[in-house]
Structures are given as C-alpha cells and as structure tokens.
Amino acid sequence: MAPFDESLLSATFRLAGPALAPDLMARLREEAMALMAGREPLPDYLVDTALATGDAELIWALAGCTPTAERLPALLRLAALGYTALGPRLYRGYGHRQELRAAVLEGAKRNLDDPDWHEPDGLVEFLLNTSGVEELLPALRAPFPAVVRHALKTVGHKVDASEQLAACRAVLAHGGVAELAGLDGLHTLRPAVAELVRRAAAAPDPAAVLEGASVTEDDGTTAAPGPAPGAPAPSGAELVHQLREMTWTREGFPLDGVDWDLVLAEHRREPLPDGALLTLASHRDCPDEIVLAAYRKSPRHLPATSPLPWRLLAESDWSDSYFRFDLSRLLRRGIGEGAYPVGRVLREISPARAVLGSLPYEEAPVREELSGLVAGLGADFAAWRALYSLLPRFAGTGTELFAAAREQSAKHRGKTWPRPLAPEYPVSEPDGSRAVFLRLYDLAAEDVRLALAEHLDHRSVQHLLVHYKPSAALRDRFVARHGVSVLAGIASSWELPAETIAELLLHDDPEINAKLYIHTSLSPEQRRQILAGRRSRPDSGEGPLPLTEELFAELRNSGRRHWLLPALEAGDPRLARILLGKIKLHTLAGQLLLLVRVWERHGAQEVRALLDETEFPERRGKKHPLPAATRKVVRSALEAADGLAELRERLARARSPESQAEYLRTAAAGRPDQVTAALERLSEETGPDLPWKELTAEHHRDPLPDALLVELAKRDDLPEELRPDCQAAEVRLEHWDHAHRLTGPRPTALDLLRQYQLPAYVYGYQEWLNLAMSYGHLTLSDVLREARPARVAAAYLAHRDQEAREEEAEQLRGVRREVADLVATHLGEDPEAWTVAMRLMPEFTGTLPELLATTAAVIS
C-alpha cells in the first residue's frame, strides 16, 4: 500500500471533526499512529481522544514527535502529566526543548515518590550521566537534589547568581537542609550564593533565609550569564588536581585568590599541561614565569587578557622567520596597551629587520619614534642604501641599524640601487627588506622622498604607486625620471578600481594600455578601444595607437573569448588572424564585421590575403575558419567595382532584426543549453540589445520555440506582452512527462494536468504545480477537480492550506467550500464511509471527486 502523506492525514482528521475522531482513530489505527509521530499540526480534540482512551501506544508515539511550534502545546500537555515512562523520551533529543524540559521536571513533582524516576533508564540516571549544557540548564530547578547538585557542578558557572540561588531553593525544597549544606563545597557557586547557603544551613528556618535573599554581583548588579567573575579559586590539592587534568583551556575557571606560590612550585616540580598554563595566563595576576611557559608552549593561543611581561620580547629568538607572525601580534597588542614602549623596543629587541617588519605602523607612537630615526638619514641616498643593504643580515637592534647605516654611508656613495628589479605582473605586496625600506621611506619628509625618487628601482616605484598612494608631486617625479610608461606598474591587479583604469587610459600610452588589457578587469568597450587603437584624448597624437608586441603575444597565447572578440572591430590583420585561429565566429554579422573593418583600415588586399590564408595560429587543419558561404559573399564583393559598399550593405542585412530572429529560431531547434549559448554569441558579435519589436512580430506570425521563450523571459527588458507566452512555455518545459515539441499543439497547464498523472513522490509535483499556480495558469479548484491520483492531489491541497498564502486566501476559502460540499454529498458523518475512502485512497488513480463518488457507491 502506498504511504500516506502526513499533511493529508492531518487534513483528513481535521475535516472529519471531533465527533468522528474516536471511531476513525480506532478504525485507522496505523494511520493515527503515523499522524501522532509526525510533524503536522494536531487538533486539540485528537490529543484529547488519545489521552482519554489511555492508549499507551498512541501516547508513546506522540511523545516521540519533534517539538515543532505546532506540536509543542500537545507535548507540554503530556509533560504536565508526570508519566515516568515518558520523561526521558520527552526530555532527550534535538530541537528547541528547553520549555519542554522544564515542563517535564515540573510534571515530575506530581509523583516524586515513583521509583521509576531512578531506574537505570529513568530520567534521573540520564541527567546524572550527562554533561550537556542544554540538558542540564533546566535541571538547575529539578525536584531531584542529586540532579541539581550535578547541574550546579557542571554548568553552574554559566548562569548568574539569581539562577544559582533558585537551584539552591530547589535542593532545600526537595532534599532538606542536609542536601543544601552539601552544596557549600561547590567551586562554581558565586561567593554571595555560597555565603547564603552557609547561613541558611545554620539557620532555624533555612527556607526563610533563601526566600528573602536577593543576590547581586560584587559590583552591585545582577549577574549576567557566563563565567563567574570573583568566584574563589580551588585551593591546595584540589587546585593541583584540577590543573593537572586541564589538557584544554577552560573558560570561566575561578582564579581570584589563587595561591600563585603553590602553582609556581607545582609547575617547577613538573610542568603543567598546556591547557592549565593558558588558563592561568588569562589572569592579570599570573606570574611572568607561567605566562612565559604558556607562550612558549602555544604562542598563538596566548589569551588576550594575559599580562605581557617584557621578558616575552627580550628572551625570545626573533631571528627565525617562523616566529615573525608571533612578534607582530605581540607588538601590536603590547604597543596598543602600553606594555611595550616603542623606543625601548627599538633600542633593546633584535634583529632589526624582524622588529621593523612587525611594528604596527598605523599606531601614532610607532610613526613618531621611527620618523625621528628616519630624519637622521636625511636625503643622502648613500645612507639609505647602506640601511637597505644591512637589513637582511643585521643582528642588532633597530636603533643600532640606523647608526650603522650612517657610519657606513661612505661605502655606498655614488652607487645605484642594489640588485634592481623590474615591475611584476600581477603585483604582490612587498616583503622582506624591501617592505621595511618602503615603510621607512614613506615616513620620510616630502622633500626627502622627492630627492630619493630618482634612485629607486622600478619594482620599488611600482610598489609605491600601488600600495602607498604617493603625492602628486612624487608621482610626477617618477614620470619625469622614467617616462609615463612607469605608470603601467599600477595596471597590475584585477582589483584595480574602475576610476583608476579610466585615469590610466587618458595617458594614451601603448605600454600602459597593454598592461591594462592583460592584468586588469576592463569593460568590453575599453577592450575594443585598446585593440582598435582609439585615443582617449584627441590632443595626444595622430592616427591609431600602436599595440605592443607583448599584447600580441598574450592574445596569441590566450583562450579567453572576451579578450579576443574585441578584435572584431580593430581592423588589424594580425589580430584578425589570431582571432580566427583561436575562436569560432558564430554569426554572419560577426564574420562580415571582422572583414569590413580590415578592408576599411588596410584595404582589399589584406581581406583577400585573409581569405587565401591556409594556416592560422592554433588551428591544426587546413580548413578555413570562415564558412564557405561567407567567403563566397566576400569574394564576390572583392570583384565588384564598389566592393566595400556592397559588403557594408550585406553586413547591415546580417545585423538586421529579421536576421537575428532567424538566427535565434534556428538555434532554438536544438537543446535549451544551445539556446543560451546562441543568445550569448549573438550578444557578443552583434551587441547586447535584442530587436524586441521584430521578435514579438515574428512570434505572433509563428510562435517562437518554448526553449527560446524561456531564455528570453530571464532578461530584464522582456516586453510584457510576451511574458504570458513565456510563462506558458516554461510550464510546458518544466513538466516531468510532457515531450517538448517544436511544432504542433502546445498544451496549457490545465491540459497537462488532465492528461498526466501527478507523480507519487512528494516534492517533484509540488514544484511544477507551484510554478503553474504562481503564473495563474492553474487554480486550487483545478487541482481539486482535475488532478490525479486523488491522494497526491489531496496532499498538495493540504500543504497549500497549511501554508495559507495571503495572496490566495480567496482561492483557499473557495476550495474549502467545494471540499465540504463534496464530503457532505458522498461521506457525511458515517465513519464507515470515511474508513473506506481512506482505505481506497492509496491505490486509487482517479480524481478526488471520483474517489468520493466511488466510496459512496461502495457503501451504498
């Protein structure tokens, strides 16, 4: 038998009503069990019926359902009954169960004397053997003292003082004074709560002490959830035991008043585990020796609240590049918090390259201190060259490095930049000695930077232009020294802003244009401009800008279609050969445009040479990349008296709306993915705009293929008069069983609903029906009257009824009336009729009205 959809079961029982519920649940027991254990909403009268009958299997099934918003009220009713067998089943599990768990513990107060709570599979044993935070937080108010104590010990540090006090009241209420006194030793109790526990245990009326108390934190505010600040630390052997067991960092571990002498002695006797060291280091009073040990064990996990002793810097070996990242983190935090004065760092910590490369240069104290040292070098390039040369191997401090650079400047007098490098593409962040040098150079006075500009190598100039945003005067100095092409170094990143690209194009420099083309994200129009040699400024020279050999080489080696297609309008024979050798031109318009532009700029002979060419880059065969029909048209024009005009006229016809429509219709005769590709090729070779007026007229003359209509509907500029036909085409294409045909009748959504059965699986039919419904091509009444089989149609209507979309409220009201009329006519309030209908439904292949009529015939 086919399985029932839960929503269908729920809708059926709701439709039958309270009067029929007992009989239906008895007759349709299997279905009732499935409904109880599911997720669908349950009417109150179904829960009432299950509880009234005392049917253990039905109640057990209900207790195991997921506590969704719809099911929670029923589960809370079960929890309030205090059934010991249901307690663990309701308490355990996933989902949002906090309210339900609290209700289970509250319900347990009804029969606390039942020993089943304490059985091995009972609720108490479950709670005593779990450490889950979500499970134990509600247990802080449990009516079982042992459970509350376990919860306080495990998760007590995560709640505020008022919650801890409520837990103590629960222990007193259900366990007495002896149980309450036993809480005094828990280290998770807040000091104020622990003091109250001691007072209450010694008082004649303990309950009065706890009930009248109002616990606040040390600062006078009510405690917030989280670690317990101010909690006393464990002492003596207990402290040592807990630290030895601490292999992972423990948040919220109490450290106020800890015996640091004991901790140090224990660590010196045998080093503490990493988790203990990091936990101890998080406290501001932690001794330097422990902080150092924690840092050396796990430098990248040192807590952000730890002390920062100077010994961390002074006693570490920063010459190993592996630890440079750790030095950077330490200096950033230490300088920001004032623990590490910048001047002392520069005077005492070495090596200089590691320190200077790790300082947070955005901090004002760092810039101020280094600016003073940089000023001592002046504008003498010899001193700066000495500093750059010393950096890689200098073992002393930063202050000593600057002094050594001044002393050795004579050896560098008159020399150029050591080991100069050319720009790199794409550009990277400067590193090593170069990065340190450029940071210091950026701190120099403007006149010093201008004086040193002529000595820098091209790589340094590029890094300054890209990463340091030099002043206009310094940028002009670079151009005066190296020529405007030096700005090509900026064109070296795919993230280059559009405004910077536009600014660089204004220079009308072939080298800059080449780097822009190869290394930045240009727009299609900018790529066409560069390949065509069009100038951005009319006063920059005569004739088209030449292309560099580098750009030709990159295009020849490229397979990127968006790089190569701009050559269509360039009119350059070399580019035309590269283009034809690398990619296929799909439209006659694109093929003719390429040849017309070559003819216009280089004459008919170059066009003839292209047609006669037998070898193109990257093409293995001898077959010409242009179709024979295109070559025939062009050769005819070459023989004509005014061949260029003739070819232009032929190009205009190829680019006409009628030709574009015919091209798309032909492409749509294939698979849908071929239609997508055809639209892309048409956009690339003739422009992004479609001739909507002509396409619409062509569609009215002879309907466009469904695949084409669906693709056209994805465009923002689709004419609204085409939209209904596009939607109908999508409904046909998305149908799981309808064979798409290019010609012949095109069924409507209602035709498809009548012709094909809905599939039995749950989600596929919903997607298609939802699509047709969203376009208004089907109504809920259509589904009720025409959809087959009945059980799938009924399940779909039940889903829509539960979702209750506001925009179809009127439809829902109408279909409910139709269903009620059909039910009243065929089933009435006869439980036997309802049972027969439910038994027939899984295998019935007709519509819902046909099912109800068949049921009436069976029982008559």
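Worth saying up front: this structure is predicted, and the values here are computed from it rather than measured.
- Arg198 and Glu195 get closest at one heavy-atom pair: NH2-OE1, 3.1 Å.
- In this structure, Ser350 OG and Asp317 CG are separated by 8.5 Å, a value rounded to the nearest 0.5 Å.
- Geometrically, Arg97 does not engage Tyr91 in a cation-pi contact, judged by NZ or CZ lying under 6.0 Å from the ring centre and within 45° of the ring axis.
- At a threshold of 4.5 Å between non-hydrogen side-chain atoms, the residues Asp326 and Leu302 do not count as touching.
- Using a 4.5 Å cut-off on side-chain heavy atoms (C-beta onward), Thr397 and Val345 make no contact.
- Between Thr305 and Ser282 the shortest heavy-atom distance is OG1-O, 2.6 Å.
- With sequence neighbours left out, His301 forms a side chain to side chain contact (heavy atoms under 4.5 Å, CB included) with Leu278, Ser298.
- To the nearest 0.5 Å, the span separating CG on Leu356 from CG on Leu331 amounts to 10.5 Å.
- Qualifying side chain to side chain contact (heavy atoms under 4.5 Å, CB included) partners for Asp261, counting only residues two or more places apart in sequence or in other chains: Asp259.
- When side chains are defined from C-beta on, Leu183 does not count as touching Val148, because their heavy atoms never get closer than 4.5 Å.
- Ring orientation note: the planes of His455 and Phe381 are close to parallel, at an angle under 30° on the 30°/60° scale.
- Under the 3.5 Å distance criterion, the side-chain polar atoms of Arg481 are matched with a main-chain donor or acceptor of Glu454.
- A heavy-atom distance below 4.5 Å is found between the side chains of Ile490 and Arg475.
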Are Arg244 and Glu266 close enough, and set up right, to give a salt bridge (Lys or Arg N to Asp or Glu O under 4.0 Å), and what steps lead you there? CA-CA 10 Å; Arg244 288 292 174 199; Glu266 184 64 23; 2.8 Å; yes
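- In plain terms, the two heavy atoms of His267 and Ala293 that are nearest each other are NE2-CB, 3.7 Å.
- Contact of the Glu369 side chain with the Leu346 side chain is registered, since non-hydrogen atoms from C-beta on lie closer than 4.5 Å.
- The main-chain N or O of Glu407 is never found under 3.5 Å from a side-chain atom of Lys411 such that the two would form a donor-acceptor pair.
- Asp457 and Arg434 get closest at one heavy-atom pair: OD1-NH1, 3.0 Å.
- One finds a salt bridge joining Glu362 and Arg332 here, because a Lys/Arg side-chain nitrogen approaches an Asp/Glu carboxylate oxygen to under 4.0 Å.
- Comment: Glu363 does not engage Arg367 in a salt bridge, judged by the lack of any side-chain N to carboxylate O separation of less than 4.0 angstrom.
- For Glu368, the CD atom counts as loosely surrounded, since its 6.0 Å shell holds 12 or fewer non-hydrogen atoms of other residues, nucleotides or ligands.
- Leu280 has its side chain within reach of Leu272: a pair of non-hydrogen atoms, C-beta onward, lies under 4.5 Å apart.
- Under a cut-off of 6.0 angstrom, the local environment of CZ in Arg284 is crowded, with over 12 non-hydrogen atoms contributed by other residues, nucleotides or ligands.
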I would like to know whether Glu179 and Arg149 meet salt bridge (Lys or Arg N to Asp or Glu O under 4.0 Å); could you show each step before the answer? CA-CA 9 Å; Glu179 291 285 353; Arg149 177 183 175 84; over 6 Å; no
Which atom pairs, donor and acceptor, lie under 3.5 Å between side-chain atoms of residues 435-446 and protein residues at least two apart or in another chain?
unit_1: Tyr441; atom_1: OH; unit_2: Arg449; atom_2: O; d: 2.7
unit_1: Glu446; atom_1: OE1; unit_2: Arg449; atom_2: NH2; d: 2.6
unit_1: Glu446; atom_1: OE2; unit_2: Ser471; atom_2: OG; d: 2.6

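- Counting heavy atoms from C-beta outward, Phe144 and Leu127 have side chains that stay 4.5 Å or more apart.
- Other residues, nucleotides and ligands contribute only 12 or fewer heavy atoms inside 6.0 Å of the CZ atom of Arg393.
- Between Arg190 and Asp160, none of the side-chain N atoms (NZ, or NE/NH1/NH2) sits under 4.0 Å from a carboxylate O, so this pair counts as no salt bridge.
- Nearest heavy atoms, Pro360 versus Ile335: CD-CD1, 3.8 Å.
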Asp380 and Arg406: salt bridge (Lys or Arg N to Asp or Glu O under 4.0 Å), yes or no, with the steps? CA-CA 9 Å; Asp380 182 6; Arg406 291 193 299 272; over 6 Å; no
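- For the pair Trp417 and Ser460, the tightest heavy-atom approach, listed with the atom from each and the gap, is CZ2-OG, 3.5 Å.
- At least one test fails for Arg353 against the ring of Trp318: distance under 6.0 Å to the centre or angle within 45° of the axis.
- Applying the side-chain contact (heavy atoms from CB on, under 4.5 Å) test between Leu401 and each of Val355, Leu373, Leu390 identifies Leu390 as the sole match.
- Looking only at side-chain heavy atoms (C-beta outward), Leu243 and Leu277 stay at 4.5 Å or farther from each other.
- Looking only at distances, no side-chain donor or acceptor of Thr130 sits under 3.5 Å from a matching main-chain atom of Phe126.
- Note that NZ of Lys415 and CZ of Arg385 are 5.5 Å apart. Values are rounded to the nearest 0.5 Å.
- Heavy-atom contacts from other residues, nucleotides or ligands closer than 6.0 Å to CD of Glu99 number 12 or fewer.
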